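For reference, the structure discussed in these notes is given below.
Along the sequence shown, the residues carry numbers beginning at 1. As the structure is a prediction and not an experimental result, all values here were calculated from the model.
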Amino acid sequence: MQIGLIGLGRMGGNMRERIRNAGHTVIGYDTNPEVSDVTHLSDLVDGLDGPRAVWVMVPAGAATQLVIDQLCSLLKPGDTVVDGGNSRWTDDERHAKELGARGIGFVDAGVSGGVWGLEHGYALMVGGDEEHVERLKPIFDALKPDGPYGYVHAGGVGAGHFAKMVHNGIEYAMMQAYAEGWELLEKVDSVDNVREVFRSWQEGTVIRSWLLDLAVGALDEDEHLERLRGYADDSGEGRWTVEAAIANAVPLPAITASLFSRFASRQQDSPQMKMVAALRNQFGGHAVEPVEKA
């Protein structure tokens, strides 16, 4: 099968290689000419036989919208566009409508696998009409992990990205739990080999996971994480998950707390904790720590 792939960064570049390794033809386009197969987006479209399939792997939001707008004018009725980035599911509905007005199909694909996807495969959560999804099935089969799992047609347009959003929300909470456990183990005097405690959990325990394996790998590189600053960004899906929970009256205390913990990580001197310290001093005479003057 032929497919165009727009966006050849860390994910897109490896996806291009995995698809090619499965015997399919990929024409890749990127604004970086060193990795691009063609000079212009129009060259990618011209190089594909109709009906065309084009996979978009660019950042969510304005960048994705720009590519969709360009494809609206370049593609023909019967072609299909896949958005494999981390777009919000509400954007999918708009993109499907815009492309559908020109007779172009749309599929949203939540993709998980990161930098390990080339070797192990990518978990795919797909949304869209059955006819459009089935046409792309050979590409999905090439990208997914070997075996029966790692791919799902989750539902209509937007379902793939909604499922990936919830996946990432769960990921936030799992990472936060490992991080809290690690900090507590590091804090006490009685445990003097925290890294090996984490390693011991990799087999036979109910909390074993790939994230735990990655945590052990990080501790092997830097046993006490002394080379890292305690700062964690958020990519958007965590916020969207909490917003969706509010809209649907679904309680998500663990995921919400993990998101707020990331916000707290960006404060060198928490304004909230200033007030907490002040109140504890007022009602209980608890000691406060003054700001050190430069």
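Side-chain contact check for V107 versus F140: some heavy-atom pair is nearer than 4.5 Å. The shortest side-chain heavy-atom distance between H167 and S112 falls under the 4.5 Å cut-off. W210 is not listed as a side-chain neighbour of H120, based on a closest heavy-atom distance of 4.5 Å or more. When side chains are defined from C-beta on, W240 does not count as touching F162, because their heavy atoms never get closer than 4.5 Å. Q202 places none of its side-chain heavy atoms less than 4.5 Å from the side chain of S209. The side-chain heavy atoms of W182 and L225, taken from C-beta on, include a pair separated by under 4.5 Å. Annotation: side chain of M175 is not in contact with side chain of S258 (no heavy-atom distance under 4.5 Å).
Closest non-hydrogen pair, P145 versus A123, comes out as CD-N, 4.3 Å. Annotation for V54 and L44: closest pair CG2-CD2, 4.2 Å, computed over non-hydrogen atoms. When all heavy atoms of R16 and G28 are compared, the pair lying nearest together is NH1-CA, 4.4 Å. Residues G84 and W55 approach most closely at CA-NE1, 3.4 Å, considering heavy atoms. The minimum heavy-atom distance between G155 and H153, with the atom names listed, is O-NE2, 3.1 Å. Of all the heavy atoms in L219 and R195, the pair that sits closest is O-CD, 3.5 Å.
In this structure, the side chain of N32 engages the main chain of E34 through a donor-acceptor pair within 3.5 Å. Checked by atom type and distance alone, the side chain of D129 never pairs as donor or acceptor with a backbone atom of E131 at under 3.5 Å. Side chain of S265 to backbone of R262: a donor-acceptor contact under 3.5 angstrom is found. Between the side chain of R208 and the backbone N or O of E203 there is no donor-acceptor pair closer than 3.5 Å. In terms of modelled atom types and a separation under 3.5 Å, the side chain of S87 and the main chain of A60 share no donor-acceptor contact. In this structure, D79 contributes its side chain and L75 its backbone to no donor-acceptor pair below 3.5 Å. Using modelled atom types, one side-chain atom of S36 and one backbone atom of D30 make a donor-acceptor pair closer than 3.5 Å. In this structure, the side chain of Q2 engages the main chain of D49 through a donor-acceptor pair within 3.5 Å. A donor-acceptor pair under 3.5 Å links the side-chain atoms of D108 to the main chain of H161, judged by distance alone. Between the N168 side chain and the M165 main chain, no donor and acceptor come within less than 3.5 Å of each other.
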_N86/E237 under side-chain contact (heavy atoms from CB on, under 4.5 Å): CA gap, chis, key distance, verdict_ = CA-CA 8 Å; N86 282 327; E237 291 93 341; 2.7 Å; yes
*Going through the checks in order, is the side-chain hydrogen bond (donor to acceptor under 3.5 Å, both in side chains) test met by E186 and H224?*
CA-CA 8 Å; E186 285 277 341; H224 302 289; 3.1 Å; yes
*Please lay out, stage by stage, how V157 and H132 fare under the test side-chain contact (heavy atoms from CB on, under 4.5 Å).*
CA-CA 11 Å; V157 168; H132 301 141; over 6 Å; no
*Decide yes or no on side-chain contact (heavy atoms from CB on, under 4.5 Å) for D83 and V67, but give the supporting numbers first.*
CA-CA 10 Å; D83 179 4; V67 173; over 6 Å; no
*Could you go through the side-chain contact (heavy atoms from CB on, under 4.5 Å) check for L71 and I104 one step at a time?*
CA-CA 9 Å; L71 291 175; I104 302 166; over 6 Å; no
*For S261 and Y172, run side-chain hydrogen bond (donor to acceptor under 3.5 Å, both in side chains): C-alpha distance rounded to whole Å, both residues' side-chain angles, the deciding distance at 0.1 Å, then the answer.*
CA-CA 10 Å; S261 292; Y172 274 46; over 6 Å; no
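L136 and M11 end up in the same hydrophobic cluster when Ile, Leu, Val, Met, Phe, Trp and Tyr side chains are linked at under 4.5 Å. A continuous path of ILVMFWY side-chain contacts below 4.5 Å connects I68 to V45, so both sit in one hydrophobic cluster. There is no path of hydrophobic side-chain contacts, each under 4.5 Å, that joins V166 to Y149. A continuous path of ILVMFWY side-chain contacts below 4.5 Å connects M57 to L8, so both sit in one hydrophobic cluster. Tracing side-chain contacts under 4.5 Å through hydrophobic residues (I, L, V, M, F, W, Y), one never reaches V133 starting from V152; they form parts of separate clusters.
With respect to the salt-bridge test (charged N to carboxylate O, under 4.0 angstrom), the residues D37 and R20 qualify. A salt bridge between K164 and E171 is absent, with no side-chain N of the basic residue lying under 4.0 Å from a carboxylate O of the acidic one. Ionic pairing of D91 and R88 is not present here: no N-O contact between side-chain nitrogen and carboxylate oxygen is shorter than 4.0 angstrom.
With sequence neighbours excluded, the residues satisfying side-chain hydrogen bond (donor to acceptor under 3.5 Å, both in side chains) with E196 are R199.
A donor and an acceptor atom, one from each side chain of R52 and T80, are nowhere located under 3.5 Å apart. Side-chain contact annotation: T39 with Y29, donor-acceptor N/O pair under 3.5 Å absent. A donor atom on one side chain and an acceptor atom on the other are not found under 3.5 Å apart for Q65 and Q70.
Sorted by first and then second residue, the pairs that involve residues 138-149 and meet salt bridge (Lys or Arg N to Asp or Glu O under 4.0 Å), not counting sequence neighbours, are K137-D141.
A distance of 4.0 Å separates CD1 of I19 from CG of L143, quoted to the nearest 0.5 Å. Rounded to the nearest 0.5 angstrom, E180 CD and L185 CG are separated by 12.0 Å. Note that the SG atom of C72 and the CD atom of E98 stand 6.0 Å from one another [nearest 0.5 Å]. In this structure, the separation between CE on M174 and CG on L211 is 5.0 Å, given to the nearest 0.5 Å. Taken to the nearest 0.5 Å, the CD1 atom of I170 stands 8.5 Å off from the OG1 atom of T241. Interatomic distance, CG of L48 versus CE of M1, reported as 9.5 Å (0.5 Å rounding).
Shown are V56, V26, I139, I27; of these, the side chain to side chain contact (heavy atoms under 4.5 Å, CB included) with L5 is made only by V26.
Counted within 6.0 Å of CD on E183, heavy atoms from surrounding residues, nucleotides or ligands total 12 or fewer; the atom is thus considered open.
Classified by interplanar angle (parallel below 30°, tilted 30° to 60°, perpendicular above 60°), the ring pair F106/H95 is perpendicular.
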